[in-house]
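The next block holds one structure in the form of structure tokens; read it before the comments.
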Amino acid sequence: MSKNKNTYLAKQIVAWYQINGRKDLPWRKNISVYKVWISEIMLQQTQVATVIPYFKRFIKEYPSLRSLIKASEDDILALWSGLGFYRRAKNIFLAKEKIKQDFKGRFPKNFDDILSLPGIGQSTAGAISSIALNNPHPILDANVKRVLKRFYGKDFNEKELWDLSKMATPQKNVFEYTQGIMDIGAIICTSKKKDCDLCPLKSNCSSKNIPLAKKIAYKKINPTHHLTYKLLIYKKKYLLFKKTDKTFWDGLWVPAEGQVKNYIKNIKTQHSTKVTHKLSHLNLKINIDIIHVNKLESIRTNSEHKWVAFNEIEKVAIPAPIKKVINNEQNYSV
DNA sequence: GAAGCGTGGAG
DNA sequence: TCTCCAAGCTT
């Protein structure tokens, strides 16, 4: 790749960012390495608009690394409830534990130290370094991949893209460059459309060599997975169990599966609802029996469980489709 | 290296 | 309604 083209790319993006960048995003105000870290984890495979309310809630609860240090995994998962890819929340817990143990409670500034934290890979470490610390490390997210492929006019492989991103990343103004190229990818040069008129790279771009939509080799069919839950409700409280299998929703709280057979004699009212829900690798068909009971019984299980009051639901990590059913039931019950 | 891991928005 | 896919990392 020509050096001139690299120089042009960085220069144009930096200038564009200074005028048109999305500086109003919550993680771009009062920037700290802690907040950049949290935002970058939330933004993995997740769009900006989705992240914003979760980020605000998280920072309101834990405004600083110091405040996060005391949090439990459950606390962090609860703030992640509905955002998906829950391993990210577990890794935030593990990372802050490592920060406490190995880095005296201070977020590391050295690139390899940042990269050593759970949940932080090459690209996220690059983003934290360049955005929060102004150190010129490349990133390679979906935006950068797309913009580079189109600008240089070739469908590069992963390694070529890393090399290219490294060459294109400027030594100066890396803060503006890194955020600018992501903004351009998210606003102007998206996967489904190209607003070339608005693009600062248009006079030297080779995107006409790259078709907008890529062909799909084959479409993978996800298997269907059936779930049967019994949502027990007693005096405005829900009985929830902590899920411990790794398949999906590991560590989240869901209704009973088979643990409450002895409740059959205490049923006050009962109705059921069916919901379908798509995970990235499974199609779920969920049947939930919603059972109001009039008496408490002992529960025969080794799995962790608790009764959660209506108004405490937001403090528990519950999968999105289950939370919808609960909210729906709550609306009917009042 | 490929599969696993959630959810919701866009077209 | 359906398909794609998004500020990726881990195993």
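Quick note on labels: first sequence line is chain A, next is B, and so on, each numbered from 1.
- Straight-line distance from the CG atom of A/L43 to the C1' atom of C/dC9: 15 Å, rounded to whole Å.
- For the pair A/K243 and A/F248, the distance from NZ or CZ to the six-membered ring centre is under 6.0 Å and the angle to the ring normal is within 45 degrees.
- A/R146 comes within 4.0 angstrom of sugar-phosphate atoms only, judged by non-hydrogen atoms across all strands, and of no base.
- In this structure, the CG atom of A/N283 is 13 Å from the P atom of C/dC4, given to the nearest Å.
- Rounded to the nearest Å, the gap between the P atom of C/dA7 and that of B/dA2 is 23 Å.
- A donor-acceptor contact closer than 3.5 angstrom links the side chains of A/D245 and A/T247.
- The pair A/K159-A/D163 counts as a salt bridge, with a side-chain nitrogen and a carboxylate oxygen less than 4.0 angstrom apart.
- Residue contacts for A/W27: at a heavy-atom cut-off of 4.0 Å it reaches a base atom on one of the strands shown.
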Inset, instruction - Report the C-alpha distance between A/F103 and A/F107 in whole Å, list the side-chain angles of each, state the deciding distance to 0.1 Å, and finish with yes or no for ring pair (Phe, Tyr, Trp, His ring centres under 6.0 Å). - result: CA-CA 7 Å; A/F103 301 111; A/F107 199 95; 8.4 Å; no
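- Cation-pi check for A/K23 over A/Y17 is met; the charged atom lies under 6.0 angstrom from the ring centroid and within 45 degrees of its normal.
- Among residues two or more places apart in sequence or in another chain, the ring-ring contact (aromatic ring centres under 6.0 Å, His included) test is passed with A/H271 by none.
- One can place CD1 of A/I184 at 13 Å from P of C/dA7, the figure rounded to the nearest angstrom.
- In this entry the distance linking CE of A/M182 with C1' of C/dG8 reads 13 Å, nearest Å.
- When the C1' atom of C/dT10 is taken as reference, atom CG of A/L94 falls 12 Å away, rounded to whole Å.
- The same atom, P, is picked in B/dG6 and in C/dT1; the two are 26 Å apart, to the nearest Å.
- For the pair A/L25 CG and C/dA7 P, the computed distance is 12 Å after rounding to whole Å.
- With sequence neighbours left out, the ring-ring contact (aromatic ring centres under 6.0 Å, His included) criterion links A/F241 to A/H305.
- A/L115 belongs to a hydrophobic cluster whose other members, connected by ILVMFWY side-chain contacts under 4.5 Å either directly or through intermediates, are A/F111.
- The side-chain hydrogen bond (donor to acceptor under 3.5 Å, both in side chains) pairs that include a residue from residues 118-130 of chain A are A/Q44-A/T124, A/S130-A/T178, where partners are two or more places apart or lie in different chains.
- Regarding A/I181, its CD1 atom lies at a distance of 14 Å from the P atom of C/dA6, rounded to whole Å.
- Against DNA chain B, the stretch residues 108-128 of chain A makes no heavy-atom approach under 4.0 Å.
- Nucleotide B/dG4 holds its P atom 18 Å from the NZ atom of A/K90, rounded to whole Å.
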Inset, instruction - Quick one, give me the B/S/- string for nucleotides 6-11 of chain B, reading 5' to 3', where B means a protein heavy atom under 4.0 Å from the base and S means that only happens at the primed atoms, P, OP1 or OP2. - result: BBSBBS
